J.: 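Have a look at this one before I ask anything.
Predicted, not measured: the structure shown is a model, and the values here were computed from it. This chain uses plain numbering: 1 for the first residue, then up along the sequence.
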Amino acid sequence: MDVLGKARRLESTIAAKLDEAAKSLVRSRAREPLEIVAAILEAVERRIEPTGRGARVFPFNRIELSVVAPSREARGRLEAVFAGDRPLRTRILEKVQSAGCAPPDVVVEIQYVDRAEPHWSAPEFDLQFARVAEPAVDGAEVEPQPGQIDIRVLRGDMERWAYSLSAPRIDIGRGAEVRDHRNRLIRTNHVVFTEGGGDVNQTVSRKHAHIAYEPLTGHFRLHDDGSEHGTEIVRGGRTIAVLRGTRGVRLQSDDDVVLGEARVRIRFPNA
């Protein structure tokens, strides 16, 4: 009876199972936000294409990032890194340029989800790349005057329950006027959440966000102005983060805009 051989085979089987268990444990460890950013940048770099004679190009102008945030704490940690001193879009542009590509005019949209989908290649996030053709616009099609935009409060206290505005820039924040430490006026908000309007209003920064009109496309885009509690768009059951330092996110009729814990609804009556 080959007792020694059986013992060695058993030892080998046990070692293999322990090794697989150790690898599984490493895979299951949740990565830190900066580790997730590094993995995103690696995925972006893999999408760079050679064009011949040593030249390279990043062929996409739109990136949709879905990232797992199972709790408010997890989401807050991710948002702090994605919108920090070097926002995610800036890091992506730096990565592309460092690879020898011309800097693309890329839009990065982020949505947070409770759990990963089975088809994701990474357990924490999924990236979708696209190249969206900008509409050809000649001088006759330019819309220099912005159309009407209606903004109605859903959560929080505003000076008016609804606004109907037509302006190239619409500032949103807490308080009608924003002044510096020397009491100099630095900003006038058009959509005003009242001071002392309760806990919800306190999550709206004085310089929270703004809506900008694009004459060439006739679209409005939402931008975050460095708010403390963040800006998001809720559209069709999914949440799109609006990060500081990006091109902003194009607004659509019936979008809900979340400012901290406050919420408004956007409508374009003439669309």
Side-chain angles (χ1 to χ4, degrees), residues 29-48 58 60-99 101 103-117 120-130 132 172-173 203-205 207-212 221-251 255-263:
R29 181 185 69 84
R31 286 192 279 191
E32 295 294 318
L34 274 177
E35 293 177 302
I36 293 174
V37 168
I40 290 169
L41 296 178
E42 289 176 4
V44 168
E45 188 173 26
R46 289 195 294 270
R47 294 288 181 152
I48 294 173
F58 183 71
F60 306 104
N61 59 9
R62 184 182 184 87
I63 300 174
E64 294 183 3
L65 167 65
S66 299
V67 61
V68 175
S71 66
R72 294 184 67 180
E73 178 185 350
R75 179 168 177 164
R77 296 178 66 208
L78 288 164
E79 288 178 337
V81 174
F82 290 165
D85 292 336
R86 289 175 63 215
L88 180 60
R89 180 177 181 271
T90 300
R91 294 174 187 262
I92 289 173
L93 292 177
E94 290 173 350
K95 172 63 71 174
V96 170
Q97 287 181 273
S98 69
C101 303
D105 188 10
V106 64
V107 175
V108 180
E109 289 196 0
I110 302 174
Q111 61 174 321
Y112 296 94
V113 298
D114 294 332
R115 62 184 64 87
E117 296 292 337
W120 287 12
S121 58
E124 301 91 356
F125 68 90
D126 179 64
L127 286 170
Q128 296 294 322
F129 299 86
V132 181
I172 307 171
T203 66
V204 180
S205 300
K207 296 188 296 180
H208 197 108
H210 74 273
I211 297 170
R221 301 187 76 89
L222 178 65
H223 303 260
D224 183 89
D225 292 337
S227 65
E228 183 177 354
H229 296 284
T231 305
E232 299 168 341
I233 294 174
V234 178
R235 176 186 300 158
R238 70 187 184 110
T239 301
I240 303 169
V242 182
L243 301 181
R244 176 172 61 91
T246 68
R247 289 186 60 209
V249 178
R250 176 189 166 188
L251 286 167
D255 278 348
D256 284 3
V257 173
V258 181
L259 309 143
E261 295 182 12
R263 192 169 180 137

J.: Kindly give the heavy-atom pair with the smallest separation between Gly230 and Asp224, and that separation in Å.
T.: C-OD1, 4.0 Å

J.: Check Val68 against Ala116 and note the closest heavy-atom contact, atom names and distance.
T.: CG2-N, 3.6 Å

J.: Rounded to the nearest 0.5 Å, what separation is found between the CG atom of Leu41 and the CD1 atom of Ile92?
T.: 6.5 Å

J.: Provide the closest heavy-atom pair for Pro33 versus Arg77 in the form atom of the first, atom of the second, distance.
T.: CD-NH2, 3.7 Å

J.: Apply side-chain contact (heavy atoms from CB on, under 4.5 Å) to the pair Ile63 and Phe58, showing each step before the final yes or no.
T.: CA-CA 12 Å; Ile63 300 174; Phe58 183 71; 4.0 Å; yes

J.: Considering residues at least two apart in sequence or located in another chain, which fulfil the side-chain contact (heavy atoms from CB on, under 4.5 Å) criterion with Glu42?
T.: Arg46

J.: Looking at side-chain heavy atoms only, is the closest gap between Val257 and Val242 below 4.5 Å?
T.: no

J.: Working note: Leu243 + Val108, criterion side-chain contact (heavy atoms from CB on, under 4.5 Å); need CA distance, chi angles, decisive distance, verdict.
T.: CA-CA 9 Å; Leu243 301 181; Val108 180; 5.7 Å; no

J.: Are Asp225 and Lys207 close enough for a salt bridge, meaning some N to O gap below 4.0 Å?
T.: no

J.: For a side-chain contact (heavy atoms from CB on, under 4.5 Å) check, start with the C-alpha distance between Leu88 and Leu65, then their side-chain angles and the critical distance, and finish with the verdict.
T.: CA-CA 11 Å; Leu88 180 60; Leu65 167 65; 3.7 Å; yes

J.: Locate the shortest heavy-atom distance separating Arg62 from Val106; write the atom from each residue and the value.
T.: N-CG2, 3.9 Å

J.: Rounded to the nearest 0.5 Å, how far apart are OG of Ser98 and CZ of Arg91?
T.: 13.0 Å

J.: Mind checking whether Phe125 and Leu78 have side chains closer than 4.5 Å, heavy atoms only?
T.: no

J.: Which residue, Gln128, Arg250, Arg238, forms the side-chain contact (heavy atoms from CB on, under 4.5 Å) with Glu109?
T.: Arg238

J.: Work out which heavy atom in His229 is nearest to a heavy atom in Gly260; give both atom names and the distance.
T.: CB-CA, 3.7 Å

J.: Rounded to the nearest 0.5 Å, how far does CZ of Arg72 lie from CD of Glu79?
T.: 10.0 Å

J.: I'd like to know if the side chain of Arg244 reaches the main chain of Pro87, judged simply by a donor and an acceptor atom lying under 3.5 Å from each other, with no hydrogens or angles considered.
T.: no

J.: Are the charged groups of Arg89 and Asp105 less than 4.0 angstrom apart, N to O?
T.: yes

J.: Which atom pair, heavy atoms only, marks the closest approach of Ser227 to Ser205?
T.: CA-OG, 3.5 Å

J.: Check whether Ser66 reaches the backbone of Asp126 with its side chain - one donor and one acceptor, N or O, closer than 3.5 Å.
T.: no

J.: Kindly check if the number of other-residue, nucleotide or ligand heavy atoms within 6.0 Å of CD (Gln97) is above 12?
T.: yes

J.: Any Lys/Arg nitrogen of Asp255 or Arg235 sitting under 4.0 Å from an Asp/Glu carboxylate oxygen of the other?
T.: yes

J.: Just to verify, which of Leu222, Ile172, Val258 counts as forming a side-chain contact (heavy atoms from CB on, under 4.5 Å) with Thr231?
T.: Leu222

J.: Mind running side-chain contact (heavy atoms from CB on, under 4.5 Å) on Glu35 and Glu124 for me, showing each step along the way?
T.: CA-CA 10 Å; Glu35 293 177 302; Glu124 301 91 356; over 6 Å; no

J.: Give, for atom CD of Glu261 and atom OG1 of Thr203, the distance between the pair rounded to the nearest 0.5 Å.
T.: 4.5 Å

J.: First locate atom OG of Ser121, then atom CG of Leu127, and finally report the distance between them rounded to the nearest 0.5 Å.
T.: 7.5 Å

